[in-house]
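See below for the structure under consideration.
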Amino acid sequence: MNYTINEVAAKFGLSAHTLRFYDKEGLLPFITRTKSGNRTFTEMDLDWVALICCLKDTGMPIKEIKLYSDWCKQGRGTIDERKKMLADHRSEVQKQIEELNKNLELIDKKLDWYEDPEMLRKIDEHVEKAALEK
């Protein structure tokens, strides 16, 4: 099945302009065009767009995504480079997740405080003490 640029844009929550930009930047190396010049996307192209969105959403710069795309166009000979790039990026994403989990723990702790009557009493005392010191 083939998809239009607007269908793909809607599916991924992107604008058609963004997809055109990705194509212009060389991030969509396998996209074909109809006789009238319109881009047409296959199921494999959708997988490719999903990967671009994933890499971008997890902080990979467009320049690196472009390099990855270029390596893909070169075929199997660049698999080692692609694997290393993805493994390095995975490590960075894992670090982001660890940091987010630390932040989530702190937020959860704060939420727990608001459910604890003793903590609420301490908060009130702290606010009263601060008001008296002014």
Side-chain angles (χ1 to χ4, degrees):
M1 180 169 184
N2 289 329
Y3 301 89
T4 67
I5 196 167
N6 289 325
E7 290 170 330
V8 175
K11 180 173 180 61
F12 289 97
L14 302 170
S15 67
H17 175 77
T18 297
L19 288 170
R20 286 186 200 98
F21 170 77
Y22 289 168
D23 189 23
K24 182 180 174 194
E25 292 297 311
L27 303 183
L28 303 171
F30 306 109
I31 298 298
T32 59
R33 292 181 181 256
T34 64
K35 289 179 183 179
S36 60
N38 295 322
R39 292 166 183 87
T40 182
F41 294 77
T42 65
E43 292 291 337
M44 287 190 69
D45 295 327
L46 296 184
D47 292 342
W48 189 255
V49 172
L51 178 62
I52 291 171
C53 291
C54 168
L55 295 175
K56 187 175 170 300
D57 289 348
T58 55
M60 183 179 280
I62 294 288
K63 183 177 177 180
E64 286 184 41
I65 298 171
K66 167 73 166 100
L67 179 58
Y68 182 84
S69 175
D70 290 345
W71 285 338
C72 289
K73 287 190 293 190
Q74 294 173 28
R76 295 180 91 180
T78 60
I79 285 178
D80 289 340
E81 290 90 343
R82 288 183 262 166
K83 284 172 55 177
K84 181 177 181 340
M85 178 184 274
L86 290 177
D88 290 348
H89 186 65
R90 184 186 189 287
S91 294
E92 289 301 313
V93 170
Q94 191 62 46
K95 288 177 191 174
Q96 292 172 20
I97 290 169
E98 290 167 9
E99 286 299 313
L100 286 171
N101 280 329
K102 286 179 191 175
N103 290 331
L104 184 59
E105 286 177 24
L106 181 58
I107 291 168
D108 286 343
K109 184 176 179 179
K110 193 66 167 178
L111 286 169
D112 288 345
W113 284 5
Y114 295 133
E115 298 299 322
D116 181 346
E118 181 61 22
M119 277 298 176
L120 291 175
R121 186 186 62 72
K122 287 181 181 181
I123 291 169
D124 289 342
E125 287 176 1
H126 181 74
V127 169
E128 288 173 16
K129 181 180 177 186
L132 291 174
E133 291 176 356
K134 285 189 176 187

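For reference, positions follow the sequence shown, starting with 1.
Here the closest non-hydrogen pair linking Trp48 and Cys72 is CH2-SG, 3.4 Å. Closest approach of Thr58 to Leu55, counting heavy atoms only: OG1-O, 3.1 Å. Between Gly26 and Ser69, the closest heavy-atom pair is O-OG, 2.9 Å. Heavy-atom minimum distance, Ala16 versus Ala9: N-CB, 3.7 Å. When all heavy atoms of Arg33 and Thr40 are compared, the closest pair comes out as N-CG2, 4.2 Å. Here the shortest heavy-atom pairing between Glu81 and Trp71 reads O-CZ3, 3.5 Å.
Put simply, CD on Glu25 and NZ on Lys63 are 12.0 Å apart, with the number rounded to the nearest 0.5 Å. To the nearest 0.5 Å, atom NZ of residue Lys24 and atom NE2 of residue His17 are 9.0 Å apart. Separating the OH atom in Tyr22 from the CD1 atom in Ile5 is a distance of 12.0 Å, to the nearest 0.5 Å. To the nearest 0.5 Å, atom NZ of residue Lys109 and atom CE of residue Met119 are 7.5 Å apart. Once rounded to the nearest 0.5 Å, the distance linking CG of Asn103 with CG of Asp108 reads 11.0 Å. How far CG of Leu120 is from CD of Glu115: 8.0 Å, rounded to the nearest 0.5 Å.
Considering only heavy atoms from C-beta on, Asn2 stays 4.5 Å or farther from Thr32 through its side chain. Taking the side chain as every heavy atom from C-beta outward, Phe12 and Leu46 approach each other to under 4.5 Å. In this structure, the side chains of Glu118 and Arg121 come closer than 4.5 Å at one or more pairs of heavy atoms. Asp88 is not listed as a side-chain neighbour of Glu64, based on a closest heavy-atom distance of 4.5 Å or more. Side-chain contact between Glu92 and Met60: absent, with no pair of heavy atoms (C-beta onward) separated by less than 4.5 Å. Side-chain contact check for Leu51 versus Tyr68: some heavy-atom pair is nearer than 4.5 Å. Using a 4.5 Å heavy-atom threshold, the side chains of Trp113 and Lys110 count as touching. A heavy-atom distance below 4.5 Å is not found between the side chains of Tyr3 and Asp45.
Partners of Lys35 under the salt bridge (Lys or Arg N to Asp or Glu O under 4.0 Å) rule, at least two apart in sequence or in another chain, do not exist in this structure. Here Ala10 pairs with nothing under the side-chain contact (heavy atoms from CB on, under 4.5 Å) rule; sequence neighbours left out.
Taking hydrophobic clusters as Ile, Leu, Val, Met, Phe, Trp and Tyr residues chained together by side-chain heavy-atom distances below 4.5 Å, Met1 does not share a cluster with Met44. Under the 4.5 Å side-chain heavy-atom criterion for grouping Ile, Leu, Val, Met, Phe, Trp and Tyr, Leu86 is connected to Leu27 within one hydrophobic cluster. Ile62 and Ile31 fall within a single hydrophobic cluster, where Ile, Leu, Val, Met, Phe, Trp and Tyr side chains are chained together by heavy-atom contacts under 4.5 Å. Cluster membership for Leu104 and Ile97, using ILVMFWY side-chain heavy atoms within less than 4.5 angstrom, is not shared. Phe30 and Phe41 end up in different hydrophobic clusters when Ile, Leu, Val, Met, Phe, Trp and Tyr side chains are linked at under 4.5 Å.
Side chains of Thr4 and Asn6: no donor on one and acceptor on the other come within 3.5 Å.
Of the charged side-chain nitrogens involved, at least one lies within less than 4.0 Å of a carboxylate oxygen, so that Lys73 and Asp70 count as a salt-bridged pair. Under 4.0 Å is where a charged nitrogen must lie from a carboxylate oxygen, and between Glu105 and Lys102 no such pair does.
Other residues, nucleotides and ligands contribute at most 12 non-hydrogen atoms within 6.0 Å of the NZ atom of Lys56.
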Kindly indicate, with the supporting measurements, whether the criterion salt bridge (charged side-chain N to carboxylate O under 4.0 Å, His left out) is fulfilled by Lys84 and Asp80.
CA-CA 6 Å; Lys84 181 177 181 340; Asp80 289 340; over 6 Å; no
Given Val49 and Leu14, is the side chain to side chain contact (heavy atoms under 4.5 Å, CB included) satisfied, shown in steps?
CA-CA 10 Å; Val49 172; Leu14 302 170; 4.2 Å; yes
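Partner of Met85 under the side-chain contact (heavy atoms from CB on, under 4.5 Å) criterion, chosen from Leu67, Thr78, Ile65: Leu67.
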